[in-house]
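First up is the structure itself, then whatever we jot down about it.
All values below come from the heavy atoms of this structure, side chains included, with hydrogens, waters and symmetry mates left out.
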Amino acid sequence: MIQLLQRLPVSVLLLLWMSASLADESLPWGRASSQDIDYTPQKVVYDVAVPDIESFSGILDRVSYLNNIYHADPFDASIVLVLHGDEIPFFAVDKFDSYQELMHRAQSLTIAGPVEFRMCRVAARAHGLEPGEIHGFVKVVPMADAELVRLQQEEGYVYMH
């Protein structure tokens, strides 16, 4: 290789160096590479307090994708969403007509894999709702913060926000 470089005229070497320099300016860090990783199913808790339907829909997308990556493994995976924000009214039985598609999506995640929805009773009451006014696929817990701490400290869940 060194002998080949010695035989090339200096102008050709200069041209190669200049074209490499130009490429470096437009791609100074090169290009990203794709990593193929086989993720081991985990226990994950999502801390959910979002302001609108679009944000909540994005959370459902993330949960669905994670559930798919974990192959909906009911033995080693567990995904819990702890709800305590402005998404709470979406789960009200009397608002079903307004949020029917969203509720079908949320409920289908509980069928498709090890996904649970837990709602803060304190936050639900702040929205004027009692447990009997929430869809049946949701478990109402006394307090979101206490549930988030318990799942992490006592059951080994990984926190996601």
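- Side-chain contact, R105 with S57: a donor N or O sits under 3.5 Å from an acceptor N or O.
- For the pair L66/V44, a side-chain contact is recorded, criterion being any heavy-atom separation below 4.5 Å from C-beta on.
- Looking at L81 and V45, their side chains never come closer than 4.5 Å, going by heavy atoms from C-beta outward.
- H84 and D145 form no side-chain donor-acceptor contact under 3.5 Å, judged by distance and modelled atom types alone.
- Considering CD1 of I59 and OG of S64, their distance stands at 13.0 Å, rounded to 0.5 Å.
- E116 CD to F137 CZ: the interatomic distance, rounded to the nearest 0.5 Å, is 12.0 Å.
- Residues F91 and A106 approach most closely at CE2-CB, 4.4 Å, considering heavy atoms.
- With a 4.5 Å cut-off on side-chain heavy atoms, I134 and V93 do not count as touching.
- The backbone N or O of V50 sits less than 3.5 Å from a side-chain atom of E87, completing a donor-acceptor pair.
- Atom NZ of K43 is surrounded by more than 12 heavy atoms from other residues, nucleotides or ligands within 6.0 Å.
- Side chain of H135 to backbone of F90: no donor-acceptor contact under 3.5 angstrom is found.
- Judged by distance alone, with hydrogens and angles left aside, the side-chain atoms of Q42 form a donor-acceptor pair with the main-chain N or O of T40 at under 3.5 Å.
- Shown here is H161, whose NE2 atom has no more than 12 heavy atoms of other residues, nucleotides or ligands within 6.0 Å.
- Under a cut-off of 6.0 angstrom, the local environment of CD in E101 is sparse, with at most 12 non-hydrogen atoms contributed by other residues, nucleotides or ligands.
- Heavy atoms of other residues, nucleotides or ligands lying less than 6.0 angstrom from CD of Q153 number 12 at most.
- One side chain, D52 or S55, offers a donor N or O that lies under 3.5 Å from an acceptor on the other.
- Of the possible polar contacts, none joining the E154 side chain to the L151 backbone as a donor-acceptor pair under 3.5 Å is found.
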